[in-house]
Amino acid sequence: MALSRLLLLCMVASEVWDAETKPIDFVCNRAARRAMNVVAEMQNALKDCNDSMTLSTPVQLPCTELHVASWESKSHQEKRGDIGASLRLLIEGVKVVRALSHAGCGASLLQRLEHNINNYLLILTHLQLSQGPVENPVLSCVPGSTQSLNTVLMKYNRLISGKLERFMINLEDRCTPQ
């Protein structure tokens with residue numbers, strides 16, 4: 001079991017490395033995007049550490065609701081700003097909780113979550129978008145909060161598989177046919 005997790009981690013790390021060095025490859029490679037979303041694996045690991053289900057302090061949740069018509073009317077810069085603001089909100093909360101956590105299963109999951117969110121932020125930040133007005137990142141909602149790590153993971157997954165995935169699909173026209 002440990003060997004399979006190590007192998008999976010190495011595979012994900014190699015995908016993340018490619019995505020970080022060439023963000024357009026992340027846009028053009030749905031398999032890389034799916035491999036980088038490790039929320040399901042983290043939720044399974046969370047089941048093994050029952051003591052870590054409740055966080056010591058609330059974490060603000062990302063904005064995940066997606067009204068398709070208003071989303072599609074936003075510029076690429078606005079979409080990136082919306083997603084980036086949600087990821088930054090979440091990573092700051094995870095950092096606070098992780099700093100207050102004791103070593104163990106929960107702390108390990110929080111560290112992994114922080115690294116995963118940071119990888120998405122790096123990709124998003126380095127995407128080359130067409131020139132246009134620079135948008136200040138703004139949250140598209142009033143964030144809620146929770147002390148449940150499972151809820152944090154569910155909302156994070158909804159952000160990744162919802163807004164971020166839709167944004168990547170919008171950018172796929174930049175991909176060259178293979």
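Please read all numbers here as calculations on a predicted model, not as lab measurements.
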For the backbone of Cys63 and the side chain of Lys163, can you confirm whether one donor and one acceptor N or O come within less than 3.5 Å of each other? yes
Evaluation steps, side chain to side chain contact (heavy atoms under 4.5 Å, CB included), between Lys47 and Asn44: CA-CA 5 Å; Lys47 292 175 188 172; Asn44 286 334; 3.6 Å; yes
Carefully, step by step, assess Leu159 and Leu164 under the rule side chain to side chain contact (heavy atoms under 4.5 Å, CB included). CA-CA 6 Å; Leu159 178 65; Leu164 182 68; 5.6 Å; no
Considering non-hydrogen atoms only, spot the tightest contact between Leu89 and Leu61 and give its length. CD2-O, 3.3 Å
Ser56 and Leu100: which non-hydrogen atoms are nearest, and at how many Å? OG-CB, 3.7 Å
I need the Asp173 CG to Cys28 SG distance, nearest 0.5 Å. 9.5 Å
If we ignore hydrogens and angles and just use 3.5 Å, is the side chain of Arg112 paired with the main-chain N or O of Val38 as donor and acceptor? no
Let me confirm one number: the CG-OG distance from Leu46 to Ser148, rounded to the nearest 0.5 Å. 7.5 Å
Could you tell me which non-hydrogen atom of Glu65 sits nearest to which non-hydrogen atom of Lys155, and how far apart they are? OE2-NZ, 4.4 Å
All heavy atoms of Asn150 vs all of Gln43, minimum pair found to be OD1-NE2, 3.8 Å
Applying side chain to side chain contact (heavy atoms under 4.5 Å, CB included), run through Val97 and Gln147 and close with a yes or a no. CA-CA 10 Å; Val97 171; Gln147 285 185 262; over 6 Å; no
Ignoring hydrogens and geometry, is there a side-chain-to-backbone donor-acceptor pair from Glu165 to Ile160 under 3.5 Å? no
According to a hydrophobic-cluster definition based on side-chain heavy atoms being under 4.5 Å apart (Ile, Leu, Val, Met, Phe, Trp, Tyr only), do Met168 and Leu121 belong together? yes
Hey, could you give me the CG/NZ distance between Leu110 and Lys95, rounded to the nearest 0.5 Å? 13.0 Å
Any side-chain to backbone donor/acceptor pair from Ser73 onto Ser70? Under 3.5 Å, distance only. yes
All heavy atoms of Val59 vs all of Gly93, minimum pair found to be CG2-O, 3.9 Å
Rounded at 0.5 Å granularity, tell me how far CZ in Arg30 sits from CD in Glu172. 4.0 Å
Nearest 0.5 Å please: distance from the CZ atom of Arg166 over to the CD atom of Glu72. 5.5 Å
State, to 0.1 Å, how close Arg80 and Leu127 come at their nearest heavy-atom pair, and which atoms those are. NH1-O, 2.8 Å
Got a second to check how far Leu87's CG is from Asp82's CG, nearest 0.5 Å? 9.5 Å
Taking side chain as C-beta onward, heavy atoms only, is Leu153 less than 4.5 Å from Asn157? no
Hydrophobic clusters here meaning ILVMFWY residues chained together by side-chain heavy-atom distances under 4.5 Å, can you tell me if Val96 and Tyr156 are in one? no
Leu90, Val94, Asn119 screened by side chain to side chain contact (heavy atoms under 4.5 Å, CB included) with Glu114, the one that passes: Val94
Is there a path of hydrophobic side-chain contacts, each under 4.5 Å between heavy atoms, that joins Met154 and Ile83? no
How are the rings of Tyr120 and Phe26 set relative to one another: parallel (under 30°), tilted (30 to 60°) or perpendicular (over 60°)? perpendicular
Okay, side chain of Asn116, backbone of Met36: is any donor-acceptor separation there less than 3.5 Å? yes
